[in-house]
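As the structure is a computational prediction, the values presented were derived from the model and not from experiment. Counting from 1, the numbers follow the sequence of the chain as shown.
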Amino acid sequence: MMRYDYAVCIGRFEPFHTGHLSLLARASREASKIIVLVGSADAPRTARNPWSFAEREVMIRAVAGPLADRIIILPLEDHLYNENAWIAAVQAQVARAIGQDGKADSSIALVGHLKDASSYYLRAFPQWALIDAEAVPMLSATELRRHLFSEDEGALRLLEANVPAPVFAMIRAFRSTEAYAQLLEEFRHVEQYRAAWKSAPYPPTFVTADAVVLHSGHVLLVRRKAQPGRGLWALPGGFVRQDEGVRDAAIRELREETRLKLPVPVLKGSIRGEAVFDHPDRSLRGRTITHAFHFDFPTGELPPVRGGDDAARARWVPVAEARRMRSQLFEDHFFILEHFLGAA
């Protein structure tokens, strides 16, 4: 007899590998049903998040075998700067799964591997039993993604050895798509970028500035024309120069990337807030800390804009539409935007 009604497994599954399969097997021995929460479900497709939620769901179901009828798979969105919101999202999705299954007053266990500091989230749910699953000797997901973008046949063999056969078949097919070609270009760009700083005496920390311009219920966004994130929408911004402050950098980048003609004194006078966004993993390029400035124009006709400098296009996007663009926004720009929209 199973000890629990439900076992919860949380992961990004980028890709779903043999360690994850072992986790599901352990969960299947502990509970009648398995709730799999797929993290970063709405994140843009990047070299760190190569697969969509739907693609990862297919991976999991392709290897579920006799467990298929016992698995409930649901998306889990990131909340990069609000851990309590992420915990609440996990709780909500577990409640949703149990509600759909129609079983009340259920016993729940969280199944995971307490491998290092990155596993701290497993202790964030004291209302559930915690089952520390045994680790499977294998390459890390980060290493597997590096092999994904390698042209070396040996790297492919290592990838094949660390993922279930149906997942490897999906990966081989994925490598022939346009989406993969775009990610390969991004991966190579980031590798070259990081290599240029390898001779530095210590790991560099980059400083950028971003502009969150709200005008008459719209936010100003630009479409990136360079890697990383080519084709994604972003807040206007860029690196801070040696001879300028972060506020001046935000205004300069705003004017360069959008051709916004508002005078600098008007822009300075419209700043209503600022905040620092410094999640260690916010950028593929390395440790990058950004200072974001909130420019606010409550009413009036939208001034003309057009893409310039590093932007292929600039446009005013209705706020309601921007809030639905999580999977289309560069790096953590969705969270930056939400921070200021909440304060508006």
Side-chain angles (χ1 to χ4, degrees), residues 1-43 48-49 53 56-57 59-61 64 67 69-138 140-142 275 277-282 326 332 334-335 338-339 342:
M1 183 175 176
M2 304 292 180
R3 288 200 295 165
Y4 303 97
D5 296 313
Y6 296 93
V8 179
C9 299
I10 305 172
R12 290 196 307 119
F13 311 110
E14 299 267 17
F16 186 89
H17 52 60
T18 53
H20 297 137
L21 187 59
S22 176
L23 195 68
L24 287 189
R26 176 62 186 276
S28 73
R29 296 192 296 270
E30 299 287 348
S32 301
K33 291 288 185 74
I34 306 166
I35 301 171
V36 179
L37 301 184
V38 180
S40 301
D42 234 2
R48 186 173 184 269
N49 297 298
F53 163 73
R56 285 174 283 166
E57 182 180 14
M59 287 182 186
I60 297 168
R61 295 205 179 281
L67 299 179
D69 293 338
R70 296 169 56 192
I71 292 180
I72 303 168
I73 304 174
L74 291 175
L76 182 63
E77 295 179 346
D78 291 334
H79 293 272
L80 206 57
Y81 296 99
N82 190 336
E83 185 174 348
N84 286 331
W86 182 82
I87 291 172
V90 171
Q91 294 170 341
Q93 288 297 67
V94 170
R96 174 187 168 191
I98 295 174
Q100 290 176 348
D101 206 36
K103 190 176 179 66
D105 300 321
S106 304
S107 55
I108 303 171
L110 180 60
V111 182
H113 174 51
L114 293 163
K115 59 180 180 178
D116 52 34
S118 66
S119 307
Y120 74 95
Y121 69 91
L122 291 173
R123 300 195 184 279
F125 305 93
Q127 70 273 38
W128 302 332
L130 175 58
I131 298 173
D132 186 6
E134 184 177 351
V136 174
M138 59 168 295
S140 70
T142 299
F277 297 88
D278 61 352
H279 194 284
D281 296 325
R282 65 176 300 272
R326 181 191 289 253
D332 61 347
F334 175 84
F335 304 105
E338 282 293 282
H339 171 86

Approximate separation, where rounding is to 0.5 Å, of [X] [atom1] and [Y] [atom2]:
X	Y	atom1	atom2	value
Ile71	Leu24	CD1	CG	5.0 Å
Arg26	Ile131	CZ	CD1	5.5 Å
Ser107	Glu30	OG	CD	11.0 Å
Ser40	Leu76	OG	CG	8.0 Å
Arg326	Phe335	CZ	CZ	5.0 Å
Gln93	Ile10	CD	CD1	11.0 Å

Under 3.5 Å, is there a donor-acceptor pair between the side chain of [X] and the main chain of [Y]?
X	Y	value
Asp132	Leu114	yes
Arg12	Arg48	yes
Arg70	Ser28	yes

Closest heavy-atom pair and its distance - Ile35, Ala97: CD1-CB, 3.7 Å
Least distance between heavy atoms, Gly19 atom then Met138 atom: N-SD, 3.3 Å
Would you call the rings of Trp128 and Phe125 parallel, tilted or perpendicular, taking 30° and 60° as the class edges? parallel
Parallel, tilted or perpendicular: which describes the rings of Phe16 and His20, with under 30° parallel and over 60° perpendicular? tilted
Heavy atoms of other groups near Glu134 CD, more than 12 under 6.0 Å: no
Is there a salt bridge (charged side-chain N to carboxylate O under 4.0 Å, His left out) between Arg56 and Glu14 once you walk through the steps? CA-CA 8 Å; Arg56 285 174 283 166; Glu14 299 267 17; 3.3 Å; yes
